[in-house]
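Structure first, commentary second.
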Amino acid sequence: MKILITGGAGFIGSNLAIKLYNLGYEIIIVDNLSTGFLNNLENIKNNIIFENEDIINREKIFKIFEKYKPEYVFHLAAQSSVSFSIKNPDLDMKINYEGSKNIIDASTFFNVKKIIYSGSGGTYYGDYYKYKNIINNSRFNLEKLAPKEFNKKNPISPYGISKAKVLELLKNQNKLNWIALMYGNVYGPMQNPYGEAGVISIFSKKMLLNKKPIIYGDGECIRDYIFVEDVVSANIKAQEKGNNEIINIANNKGYSTLEIYKMLKNLINYKGEFIKKPYRDGDVLVSILNIEKAKNILNFEPKYNIKNGLIKTIEYLKDN
Ligand SMILES: NC(=O)c1ccc[n+]([C@@H]2O[C@H](COP(=O)([O-])OP(=O)(O)OC[C@H]3O[C@@H](n4cnc5c(N)ncnc54)[C@H](O)[C@@H]3O)[C@@H](O)[C@H]2O)c1
C-alpha cells in the first residue's frame with residue numbers, strides 16, 4: 001500500500017515513516033528539509049522515495065501525487081514552532097495554511113482514501129483554563145476538566161491560528177475522508193534538541209552537555225506530554241478508524257516545566273542550575289487534553305508514562 005508522508009524527515013514524521021516502513025508499506029516522503037534531517041531516515045533511506053519539495057509549490061505537489069498516486073496521506077509538514085511564528089506570522093499562514101490546502105486539494109483530486117492531519121491540541125484550545133476561570137484548581141481537577149474536542153477553538157499564536165484554519169478546510173469539503181489528530185506536547189527520539197520547540201529534548205541535551213537550560217517565567221506552565229511512539233500508534237490507528245473528525249492525542253496528565261526540569265535533573269544526574277528568563281508571547285499557562293474520544297474511537301491508550309518516555313529520550317540523546 002502506498003503512503004505519502006509530508007514532513008517525513010522531521011521529528012514525528014520520521015518516527016512514523018520508520019514504523020510504517022517496518023509494517024511493509026511503500027513510503028513516499030515530501031519534505032523540504034527546512035527543519036527535518038535526512039539522517040532521521042538513515043536506516044530506511046535506500047528503500048523509500050524521498051521528494052525534496054516545498055508543500056507551498058502547488059504545481060509540484062500535484063505532479064508528485066499524479067506520479068505516485070498514494071492511497072493514504074499523513075500530513076505533518078509545517079512550520080512547527082510557536083515562538084518562530086510570533087516573529088514570522090505571514091510565513092506560518094503560507095506554509096501551514098496554504099501548503100496544507102495544496103496537500104488537501106491534491107489528495108481530493110487524486111482520490112486519496114484518507115488524510116490524517118497532525119493538528120495542535122496544545123494551541124487549539126488557547127488559554128482554555130483561563131477563560132473558563134478554572135485555572136486555580138488542583139492538578140487532579142485540571143486533568144479532569146481538560147478540554148474535549150467540541151470546545152470552541154481559541155488559539156492565541158499565529159502558529160495555532162494557521163494550524164486551526166486547516167481544520168476549516170477539512171470540515172468544509174465533502175469528498176475526502178479525514179482525521180485531525182490534536183497532539184499535546186510530543187517528545188522523544190529524533191526531536192531536534194537545538195530547535196525552537198521541544199522542551200524535553202532541549203533540556204536533556206543541555207544537561208547532558210553540562211550546560212544550563214533556560215526556564216521561561218516561573219516554570220509553572222503546565223503541559224500534557226506524549227511520547228512520540230504513542231503518537232505514531234495513534235496515526236496508524238487513525239488510518240483505519242474514525243471519519244471526518246478531530247481527536248485529541250495526549251496523556252491527560254499535566255506536568256509543569258519545573259517538574260520536567262527536576263525529573264530530568266535526577267535521571268541525568270545534572271548538578272548545575274537553570275537560567276531564568278521572562279515568559280514568551282504565545283505561551284498558554286495550562287494545556288491538558290481530554291482523551292476519552294481517542295480511547296473510544298481509536299482504541300488509543302498511551303503506553304508510556306512520563307518517566308519511561310524521559311528515559312528513552314535521554315538514551316537516544318546520549319547516543320546522537
Ligand atoms: N512536536 C509537537 O509537540 C507537536 C505538537 C502538536 C502538533 N505538531 C504537529 O506535528 C507536525 C510535525 O511536527 P514535528 O514536531 O515533527 O516538527 P518538525 O519541524 O520536526 O517536522 C516538520 C517537518 O516538515 C518539514 N517542512 C516544514 N515546512 C515544509 C514545507 N514548506 N514543505 C515541505 N516540508 C516542510 C520540515 O523540514 C520537517 O521535516 C507538525 O504539523 C506540527 O505542527 C507537533
Side-chain angles (χ1 to χ4, degrees), residues 2-18 20-21 25-70 72-110 112 115-120 157-163 165-166 169 180-181 183 186 189-198 201 228 231-232 235:
K2 279 188 189 169
I3 307 274
L4 187 141
I5 306 173
T6 72
F11 158 46
I12 303 172
S14 58
N15 278 284
L16 178 64
I18 292 166
L20 288 170
Y21 172 77
Y25 294 101
E26 207 176 315
I27 310 292
I28 302 122
I29 288 178
V30 179
D31 196 305
N32 69 351
L33 299 178
S34 52
T35 55
F37 301 95
L38 276 179
N39 274 355
N40 288 345
L41 301 165
E42 187 60 30
N43 295 337
I44 61 167
K45 72 171 189 231
N46 295 329
N47 304 311
I48 60 164
I49 294 161
F50 185 83
E51 291 280 354
N52 187 341
E53 195 48 75
D54 196 315
I55 57 167
I56 291 174
N57 194 334
R58 189 172 174 91
E59 212 184 306
K60 291 267 177 59
I61 289 300
F62 269 69
K63 284 215 166 101
I64 289 172
F65 273 72
E66 186 179 25
K67 185 169 174 193
Y68 300 110
K69 306 233 165 44
Y72 291 88
V73 170
F74 292 88
H75 175 37
L76 294 94
Q79 187 302 107
S80 57
S81 154
V82 171
S83 55
F84 180 90
S85 83
I86 304 272
K87 293 171 218 149
N88 309 277
D90 294 348
L91 206 58
D92 261 50
M93 250 0 214
K94 194 129 193 86
I95 300 170
N96 297 357
Y97 180 72
E98 287 175 32
S100 294
K101 185 168 185 331
N102 293 339
I103 299 296
I104 292 167
D105 289 350
S107 299
T108 309
F109 192 81
F110 290 101
V112 164
I115 183 168
I116 295 101
Y117 171 62
S118 284
S120 167
S157 62
Y159 166 77
I161 293 166
S162 66
K163 294 290 290 182
K165 272 184 80 69
V166 178
L169 288 176
L181 299 176
Y183 308 148
V186 191
M190 256 100 89
Q191 189 164 37
N192 180 4
Y194 304 108
E196 291 240 11
S201 289
V228 67
V231 168
V232 165
N235 271 274

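Positions are given from 1 along the sequence. These numbers come from the heavy atoms of this one structure, side chains and all, not from hydrogens, waters or symmetry mates.
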Should the heavy atoms of other residues, nucleotides or ligands under 6.0 Å from NZ of K63 be counted, would the total exceed 12?
->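 No, the 6.0 Å shell around NZ holds no more than 12 heavy atoms from other groups.
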Could you tell me whether the side chain of K163 and the main chain of S80 form a donor-acceptor pair under 3.5 Å?
->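 Checked: no pair found.
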S14 side-chain N/O to G8 backbone N/O, donor-acceptor pair under 3.5 Å =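 A pair under 3.5 Å: no.
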Under the ring pair (Phe, Tyr, Trp, His ring centres under 6.0 Å) rule, collect the residues that match up with Y117, sequence neighbours excluded.
->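 Expected list: H75.
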Pairing residues for A9 by the side chain to side chain contact (heavy atoms under 4.5 Å, CB included) criterion, not counting sequence neighbours |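 For A9, the residues satisfying side chain to side chain contact (heavy atoms under 4.5 Å, CB included) (neighbours in sequence not counted) are D31, L33, L41, F50.
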Closest heavy-atom pair and its distance - V82, S157 =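 Looking at all heavy atoms of both residues, the closest pair is CG1-CB, 3.8 Å.
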Is a salt bridge present between D105 and K101, judged by a nitrogen-to-oxygen distance below 4.0 Å?
->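 Yes, D105 and K101 are salt-bridged.
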Taking C-beta and beyond as the side chain, do [X] and [Y] meet within less than 4.5 Å on heavy atoms?
X	Y	answer
T35	N192	no
M93	K165	yes
L38	K45	no
I5	L20	yes

OG on S118 to CG on N235, rounded to 0.5 Å |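 If I round to the nearest 0.5 Å, the distance is 5.0 Å.
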How many angstroms lie between atom CD of Q191 and atom CD1 of I12, to the nearest 0.5 angstrom?
->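 One finds 7.5 Å between CD of Q191 and CD1 of I12.
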Could you tell me whether the side chains of Q79 and N96 share a donor-acceptor contact shorter than 3.5 Å?
->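 No.
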